[in-house]
Structures are given as structure tokens and as C-alpha cells.
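The next block holds one structure in the form of C-alpha cells; read it before the comments.
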Amino acid sequence: MYWSKLFIPTLRENPAEAEVASHQLLLRAGYIRQLSAGIYSYLFLAQRSLLKITRIVRQEMDAIGGQEMLLPALHPAEVWQESGRWEVMGANMFRLKDRWQHQLCLGMTHEEVMTAIARGELRSYKQLPQIWYQIQTKFRDEPRPKSGLLRMRQFLMKDSYSFDMDASGLDEAYEKHRRAYCRIFDRCGLKYLVVEAHSGAMGGSQSQEFMAPTEAGEDHVAVCASCGYAANLEKAESEPVAPLAADPPGDLAPHKFHTPGRKTIAEVSAFTGLPETSQIKSLVMVAGGEPVLVLVRGDHSLSETKFAGVAGAPDVRPAHPEEIRERFGADAGSLGPVGIRGMRILADLALAGRRNMIAGANQDDYHLRHVTPGEDFTPEWHDLRQAAEGDRCRNCGKPLELKKTVEIGHIFKLGYKYSESMGLRVLNASGAEVTPIMGSYGIGIERILSAAVESYHDLDGMSLPPAIAPFEVVVTPVNNSDAAQRKAAMEIYRECLAQRLDALLDDRDERPGVKFKDADLIGIPYRITVGKKLAQGKVEVFNRRTRETAAVPTGEAPAFVRNTVS
RNA sequence: CGGGGCGUAGCGCAGCCUGGUAGCGCACCUGCCUUGGGCGCAGGGGGUCGCCAGUUCAAAUCUGGCCGCCCCGACCA
């Protein structure tokens, strides 16, 4: 294509509303424009790149036997009510009414619709297994859209769903997807981690996330460089650092002492001269409407995800200050487990075996010394703490590293949640009615593009992997009014096309600097520059990523790029 | 939902405090010039100053309400 005919609105300056690199660069390079908060138009360059991404996704999904479908984005409330998620999704779901006042919503995901198809049509074990997928727009009324294409209210997802007769069939479908996802992200040229994940509101057992490391990410993962353990921080397990001071020995009774104005762990630590690891941090959570006292070591934080799992309630939240005062007769800074009755007490495993620690006295401005878990109160023991920097790996004892990442893919073993609640049944070989088991597997399409920009950019712009760049090579005559350069550039461009390269000819009547800057900005992996060396029968091949230039005989430049790309 | 910031030309911003002619850079159009990293000269077009109401002889500027966007936190299949 000829650049002079294309709409590529590059900007010299960064738009004020963009904060993260991928957002700034996608705007500046003329890939996207914002229509509203979390809603973007994908202009020519973005669409080309997204089409390349979806082509890779399709090829790999087809390769594991996936069948592509196109499903409605507009759903009747009924299917969501059947699965129970009409309520669960709350304000995150876009809802609307038709002219007859019938309730509808915009699809956030497609478990319900897929299961509705399956229950109407699948009758026999002979029809299983099935893998069905779709690449479509999904809608979520995000409380806070942000970071360009990383968190939107309307976005593209590849979603696939597997239906199997039994758990081993599901294992197989899950494993196929795991491998397909690795191939997809490898082919897209991304750096990524596969981590153990929490299955959240989806329900289900096993689940892994594919995470691309980036400072713009909001998900934290714990990674062991030594043995390969990797998990979302929500669910990561780790060995905490040892207490900084030994516990006083002996069978001591709790002893109340005055701590005027000391509310926080740090304040009590400074007041007593004992490290935070000698304190019990008492938190009040509300799970399923009931208050629960949760205890972690003073320097630790609670993982609300782990807590929700232990509490067995989907709706958990910290208690309000009024609830705490009413129930404990003291404010949050002076709470403790001693003397608490009629309330579940959960304690983190890092407190097990500890003796004579410091906790709140349930009286403002007072704390207790010599509090021993298991003797002065009896908790339920669970892993409740969030892994922290400095912790060691449970498997190999080496230090864990925490990384900021963005989720680009997620695979779930759903189990029977949807097939059960929505009444999907098939007959097995002995004629009995059984419920198929399901899996669900998602990929965020725009996030692949964003993550690639986050990973591969410099001060001049982005440098996308060739597989997903909007063009593979741009042919740039330095001086377009020089007839010899113009002619040579045209011939090289034609030869690039003949070599099946996705090529662009920069035939604009611009200064060389403008053409170079624009090509660098939009991130075309290779540039063939036709300039002063043409007299010696040479042109230059510029590698955007490495910024290296090679002088190549004019006729060989397209083949040179062709070989480098593949 | 809590906290903060911003809304003036396509983009980036000044003007607002102290009310009176709407301005700068980039981009855009015309001509000349130039061609290895956003070149130069000359001329030109483009604005309901987010919206509504109020105060005033007079509002981009002061007051009130509303809307939109961004950031931090909460939340997040």
C-alpha cells in the first residue's frame, strides 16, 4: 500500500489523558482513538494488527479441534437468571429493556449462551467431546476503565468452551488449550508467565492464567526463578520470613497494658520496642452477612481471595467501623481474639506454634501481652496471608520475586456449574442421563497488542513483533522527488509483495526525518531505505528493534528482509 | 463508591487570582524553498472558552448546579 493514500494520523505530542506507554503510543501512532471512557475506535493500523492476532488465535484453536461460532452480544435476562449470575454480576453488567419492557443485557461472557445451545442439541455421549469458540466483543461496565486498551468497557475476547463426559476428558481439553495458548503467545512474540490462578466468580477447580509482565499491569504474581513455581498473588503460597524476635518462653497469662493513642501495628511496635512480627493483627471481615475475626502476623496482609475461599461465601468485605464498635466495644486499632465468643476466628498458619504475642485487648488504648494462639483462644487454622516480597518458595526455599503483570489469557476447569444449573444432560453408553463437564478458556485480544507495545517500545515509539505488526516492512525513498530513488523504491516494494511480505511504500512528499520518525513510531519491524547509496547499487535495511542498519545490494533487500522475518 | 485533578482551535498549553479586543507552539491550507532524523520564509483558515442558571453595564474569568475525561484507592469472569 501507498502511505500517501492511507489514514495514519500520527501525533507529535502525547495526548494529555494517556498515562501508560501502550496507551500513549497507540494514540500517537494513530492506531486508536477514544470515543468515550473505556470505549475505543480501532483505526486502520490497529485493525490490521488485531486481524493478525485473531488469525493466529484461529489457526491454533482450529488445530486443537475448536469450532468457531458467532454468538449474540444481546442476551435475554433469563439465561443469566438460570445460572444465577444475573445477580452475581451486579453493576458490572450492562442491562437494558426492549420496547416490551423485557430485560436484556450485553454479554460479559458466553458460558450461558453456549450452554443453552448445548442443552438444546447435545443428546448423546457419541456427540462429545466438543470444543466451541468465538471471537467477539464483550461488554463490562467497569467501575474504572483505564490504561487505554488494558481495561475497557467493550473489548474483544476469544472464548472457548469444552464439553466432556468426564473429568479425564476435561483434563485433556484443558491441556490442549494450555498448549495452544503457549503457541499463540509464542507466535505473537510475547513474553509471558503461566501462573496458578484463582477461579473467582467463574466457579470451578483448576485454573491458570497467562500473564504478560508490564509496569502497567494490575495483577501481581509471585515467581520462583529457581524451580519455576508461579502463582497469582491472590493465591500464591510461600514461606514467610522468620519472626524478628524470639517469643518469650513459658506459660504466661495474658496481661493487659496501657497503649494510649497507639492504633496501628507500627505504633504499637514502636511503643513496645518489639518488632511487628511479635504482634497478632486482628481484622474483622463480613462474610455472607456474618462477622468473622481474622488473624495474621503483624507484618502480614490478608489475602481476601484466600479468606473468601475459607469463609465459603462469595460476598466478603471488611467490616464498617460502626459494626466493629458495636460488636467489640473498641475500635479497629485495639482488637484481639482473647475473650471473643459467638464468632468464627480464623488464624493464618504463620501464627501456629507462636507464644506470648501482643494483640489488642478489645478496649480502646489497651493491648495484651502474652497471648498464645491455641491456649488463650482457639482459632481455625488456614493459609490466609498474602505472599510478600522477601518470602521464600514452598517448593525449593529460594526467594520469590513479585512481578506486575497483565492477564492475557485464562483457562478454567469449570466443572458442572453451568451444565448442572442450566440442565445440560446427555445419555451415556448405558443409557443413563449424565451431566457433561465443562471448561472455559479466554484470551484478551487487545491485551495482546497492548502487552506487545508495553514490552517492546523505546523513546521513538513501538517495535512490534513482525507477526502482529500492521506491516512487516516499509520501503522509504529518502528523496521522493529523485526519479532514480522513486523508481528503485517502487521496484523493491513490488518485489517485497512478490516475496509475500506485508509491505508499505512511503511515497509521501515529506522530509526524510518525518518519514523515519513516523515509521519508528508505528513500529514497523523493518525499513528499507533507498538513498544516497543507491549510486553504488545498495540500499539500507534498518531493524527497528535493534536499530542496526545493513547495506544490502538493491535487488537483494526484499529477500534479505524475508529471511530475517521468518 | 471515597479522594484528587482537568475541561479554552485537530493535538499540547497560556489567559482565570485582579471581569472589558481569545492567545502561543504544533498540525492544517496556498506559494516559494528544501530533501539522510518531525527543514526554512511569506501569507492564510479554523473557537457555542464542556453545558445550564445566576451576579454584573459587561463573564473564558466571579457564584451555584450539572455533564464529561483522567489519576489514586476500593472493586475487578
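Every chain is numbered from 1, with letters handed out A, B, ... down the list of sequences. Heavy-atom basis, side chains included; hydrogens, waters and symmetry copies ignored.
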Atom CD of Glu326(A) with >12 non-hydrogen neighbours under 6.0 angstrom: no

Separation of rC75(B) P from Phe307(A) CZ (nearest whole Å): 13 Å

Complementary nucleotide for rU55(B) - Watson-Crick or wobble, under 3.5 Å: none

rC17(B) to rA60(B) separation - C1' atoms, rounded to the nearest Å: 14 Å

Plane angle bin for Phe412(A) and His410(A) - parallel if under 30°, tilted between 30 and 60°, otherwise perpendicular: parallel

rG45(B) and rG36(B), which share atom name P, separated by this distance in whole Å: 34 Å

Residue matched to rU61(B) through Watson-Crick or wobble contacts both under 3.5 angstrom: none

Between rU61(B) and rA77(B) - P atom distance, rounded Å: 44 Å

rG23(B) versus rA14(B) - spacing of their C1' atoms, nearest Å: 7 Å

Integer angstrom distance from the P of rC49(B) to that of rA53(B): 13 Å

Extract all donor-acceptor atom pairs below 3.5 Å that involve side chains of residues 503-513 of chain A and protein atoms in other chains or at least two apart in sequence.
unit_1	atom_1	unit_2	atom_2	d
Asp506(A)	OD1	Arg508(A)	N	3.4
Asp506(A)	OD1	Arg508(A)	NE	2.9
Asp506(A)	OD2	Arg508(A)	NH2	3.1
Asp507(A)	OD1	Trp3(A)	N	3.3
Asp507(A)	OD1	Ser4(A)	N	2.8
Asp507(A)	OD1	Ser4(A)	OG	3.1
Asp507(A)	OD2	Ser4(A)	OG	2.7
Arg508(A)	NH1	Asp518(A)	OD2	2.9
Arg508(A)	NH2	Asp518(A)	OD2	3.2

N or O in side chain of Arg144(A) less than 4.0 angstrom from rC1(B) OP1/OP2: no

Distance in angstrom units between Leu149(A) CG and rC70(B) P, rounded: 13 Å

Residues in salt bridge (charged side-chain N to carboxylate O under 4.0 Å, His left out) contact with Lys517(A), at least two apart in sequence or another chain: Asp460(A)

Under-4.0 Å side-chain N/O to phosphate OP1/OP2 contact, Lys146(A) with rC72(B): yes

Given rU35(B), rC75(B), rG12(B), the nucleotide with the shortest approach to the side chain of Glu13(A): rG12(B)

Distance between P atoms of rC11(B) and rC51(B) (Å, rounded): 15 Å

Complementary nucleotide of rG36(B), counting Watson-Crick and G-U pairs under 3.5 Å: none

Spacing between Gln24(A) atom CD and rC69(B) atom P, to the nearest angstrom: 19 Å

Complementary nucleotide for rC41(B) - Watson-Crick or wobble, under 3.5 Å: rG31(B)

Complement of rG68(B), any strand, by Watson-Crick or G-U distances under 3.5 angstrom: rC6(B)

Atom-pair distance (CG on Leu150(A); P on rC75(B)), nearest Å: 20 Å

G-U wobble or Watson-Crick pairing nucleotide for rC75(B) (cut-off 3.5 Å, both distances): none

Parallel, tilted or perpendicular, as decided by the 30° and 60° cut-offs, for the rings of His23(A) and Tyr40(A): perpendicular

Strand partner of rC17(B), provided both Watson-Crick or wobble distances fall under 3.5 Å: none

Full working for side chain to side chain donor-acceptor pair (under 3.5 Å) between His110(A) and Lys138(A): CA-CA 9 Å; His110(A) 283 75; Lys138(A) 313 250 170 171; 2.9 Å; yes

Sugar-phosphate, base or nothing in reach of Glu142(A), heavy atoms under 4.0 Å: nothing

Base rA77(B) paired with Arg85(A) side chain (donor-acceptor, <3.5 Å): no

First of Ala16(A) and Pro143(A) reached from the 5' end of RNA chain B, by closest nucleotide: Ala16(A)

Sugar-phosphate only, base, or nothing, as touched by Thr305(A) at under 4.0 Å among non-hydrogen atoms: nothing

Sugar-phosphate only, base, or nothing, as touched by Ser481(A) at under 4.0 Å among non-hydrogen atoms: base

Distance, rounded to the nearest Å, where Met93(A) contributes CE and rC75(B) contributes C1': 17 Å

Whole angstrom value for the distance that separates P of rA77(B) from CG of Asn92(A): 8 Å

Partners passing side chain to side chain donor-acceptor pair (under 3.5 Å) against Glu68(A) (at least two apart in sequence or in another chain): Arg58(A)

Arg33(A): side chain to side chain donor-acceptor pair (under 3.5 Å) partners, not counting sequence neighbours: none

Pairwise 5' ranking along RNA chain B for Glu218(A) and Pro145(A), keeping only the more 5' one: Pro145(A)

Base-pairing assignment for rG12(B) (Watson-Crick or G-U wobble, both under 3.5 Å): rC24(B)

Atom CD of Glu175(A): over 12 foreign heavy atoms under 6.0 Å: yes

Touch class at under 4.0 angstrom, heavy-atom based, for Glu304(A) against every strand present: sugar-phosphate

Protein proximity profile, nucleotides 36-47 of chain B - base contact B, sugar-phosphate-only contact S, no contact -, cut-off 4.0 Å on heavy atoms: BBBB--------

Could you tabulate the donor-acceptor pairs under 3.5 Å formed by side-chain atoms of residues 522-537 of chain A, not counting sequence neighbours?
unit_1	atom_1	unit_2	atom_2	d
Arg527(A)	NE	Thr529(A)	OG1	3.0
Lys533(A)	NZ	Glu540(A)	OE2	2.6

Interatomic distance, Asn14(A) CG vs rC6(B) P [rounded to whole Å]: 20 Å

Nearest-angstrom distance, C1' atom, rG25(B) to rG3(B): 34 Å

Sugar-phosphate, base or nothing in reach of Phe155(A), heavy atoms under 4.0 Å: base

rC71(B) to rG12(B) separation - P atoms, rounded to the nearest Å: 14 Å

Atom-to-atom span, CD of Glu510(A) to P of rA27(B) - whole angstrom: 10 Å

